[in-house]
Structures are given as structure tokens and as C-alpha cells.
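Some notes on the structure that comes next.
We count ligands from 1, going down the list as the structure has it; atoms in each ligand are counted the same way. Being a predicted model, the structure only gives us computed values, none of them experimental.
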Amino acid sequence: MKFDANKRSLFRVKKEITIDNLLPWVIDADVFLDKCSQCGDCINACPEKIIINGDGGFPTINFELGECDFCGLCAESCKEPIFSAVTEVPWQKKALINETCLANQNIYCRSCAESCESQALTFQIGINAVPKIDLQLCTGCGACVAPCPVTAIDVKELK
Ligand code: SF4
Ligand code: SF4
Ligand code: SF4
């Protein structure tokens, strides 16, 4: 059987472009992969500089670089039918804290909570305080990701 390098490459990119790293307001991953021309306009439009040239040349969000302030400039800069209207909810991403959080080792740290403007991330009172996320308040902005010294926070799309 003839080997098709392009197909294999697209398959690999499809696995790596997940709904967790898609830009806000992107309709879905398949539409994005099909229609994105990789022009880079959204990368240049983002004032927070959190959109990077990701796998296969597709733009992806990287919260290690900062937070999304939901300005909508990425979606508005795109000439392709990839994004929904910026008046709609941008995504269903929420912050999730994994077991590497320093609170699980009784080490004091409040870096994430200090970065959360929505007051979604709070610490229970007490000596063994662990962070708690109110999913109703969390916007998935990603501001809590970079300040965490042990990369204990992931922002994932709620399925
Ligand atoms: S909404 Fe604004 S801040 Fe968020 S990724 Fe798009 S351009 Fe960047
Ligand atoms: S502006 Fe649109 S077409 Fe251009 S890279 Fe961004 S998502 Fe793709
Ligand atoms: S993603 Fe944004 S809103 Fe959600 S907990 Fe982190 S800083 Fe707060």
C-alpha cells in the first residue's frame, strides 16, 4: 500500500489539536482543522500574546504565556468561517487542579488564588487548606496556570 505522508501528518496534528487548546469561540476542532488557512492573523491580533503557532502550524492557546481577557480580537481577525459570534459564550473551559498542588504536601502557596479575578479559586480555611474552584464562576481564562510553581493547574474543556 502506498504511504501517504500528508494523511499521517494530518492525523498526528488532529490528535494534538484538542478542544483544550482551541481558541475561544472556535465552533469545533474539525471545522477549525478544515478551514484554518494558518494565516496567523489571530496570533498577531491577540494583545495578550497567548496564541502560538502550534502543532502543524495551527494557532493554539498557551496559558503558560498569560491569560485570555476575552477581547474577541482573535475571532474578529479571522476571515474563515471558524468562529461563532463573540457575543456568545467563548468556551466551556474550566480550571482543574491536579494532585501535584503543593497544598497536598502541606506547603503554603496561594499563587493561583491571587491571580483569579473572578474569585473562582478560593482556599478553604484551616491549616491544611486546599484550593477549590467554583466551576460556575470560573471563566477558563487561564490566569491561574502560569503562576503555579508546580504546574498543578490545567484548563480543560468540560465535555
Ligand atoms: S480573546 Fe483576545 S486575549 Fe483571548 S485569545 Fe483571543 S485575542 Fe487573545
Ligand atoms: S486567523 Fe483564522 S485562518 Fe488565520 S490562523 Fe487564525 S484561525 Fe486560522
Ligand atoms: S481559569 Fe481564570 S477564572 Fe478559572 S480559576 Fe483560573 S484564574 Fe480563576
Residues in contact with ligand 3, criterion: heavy atom under 4.0 Å: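 Around ligand 3, where the cutoff is 4.0 Å for heavy atoms, the contacting residues are A95, C116, S118, L121, C138, T139, G140, C141, G142, A143, C144.
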Side-chain contact test, heavy atoms from C-beta onward, threshold under 4.5 Å: evaluate it for [X] versus [Y] and give yes or no.
X    : Y    : value
K49  : L65  : no
I52  : T60  : yes
I27  : I82  : no
E114 : P147 : no
C101 : V130 : no
C74  : P24  : yes

Please state whether the rings of F58 and F32 are parallel, tilted or perpendicular, taking 30° and 60° as the class boundaries.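 Rings of F58 and F32: tilted, as their planes differ by 30° to 60°.
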Numbering the atoms of ligand 1 from 1, which are under 4.0 Å from a heavy atom of [X]?
X   : value
W25 : 1 (S)
G72 : 1 (S), 2 (Fe)
E48 : 3 (S)

When you check the gap from the basic side-chain N to the acidic O, do D20 and K93 get nearer than 4.0 Å?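 No, no charged N to carboxylate O under 4.0 Å.
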Decide yes or no on side-chain contact (heavy atoms from CB on, under 4.5 Å) for V145 and V155, but give the supporting numbers first. CA-CA 8 Å; V145 172; V155 176; 3.6 Å; yes
Stepwise side-chain contact (heavy atoms from CB on, under 4.5 Å) check, I61 with I51: CA-CA 5 Å; I61 291 276; I51 306 177; 4.2 Å; yes
Residue part near ligand 1, for I61, under 4.0 Å between non-hydrogen atoms: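 The part of I61 near ligand 1 is the side chain, not the backbone.
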Could you check whether any heavy atom of L23 sits closer than 4.0 Å to an atom of ligand 1, since that is the contact criterion I want to use?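 Checking ligand 1 against L23, which is what was asked, there is no heavy-atom contact under 4.0 Å.
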Non-hydrogen atoms of D28 and V31 that approach each other most closely: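 Residues D28 and V31, closest heavy atoms: OD1-N, 2.8 Å.
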Between CG of N98 and SG of C148, what distance do you get to the nearest 0.5 Å?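 If I round to the nearest 0.5 Å, the distance is 7.5 Å.
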Under 2.8 Å from atom 2 (Fe) of ligand 2 - protein N/O/S, by chain and number: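 Near atom 2 (Fe) of ligand 2, below 2.8 Å, one finds C78 SG.
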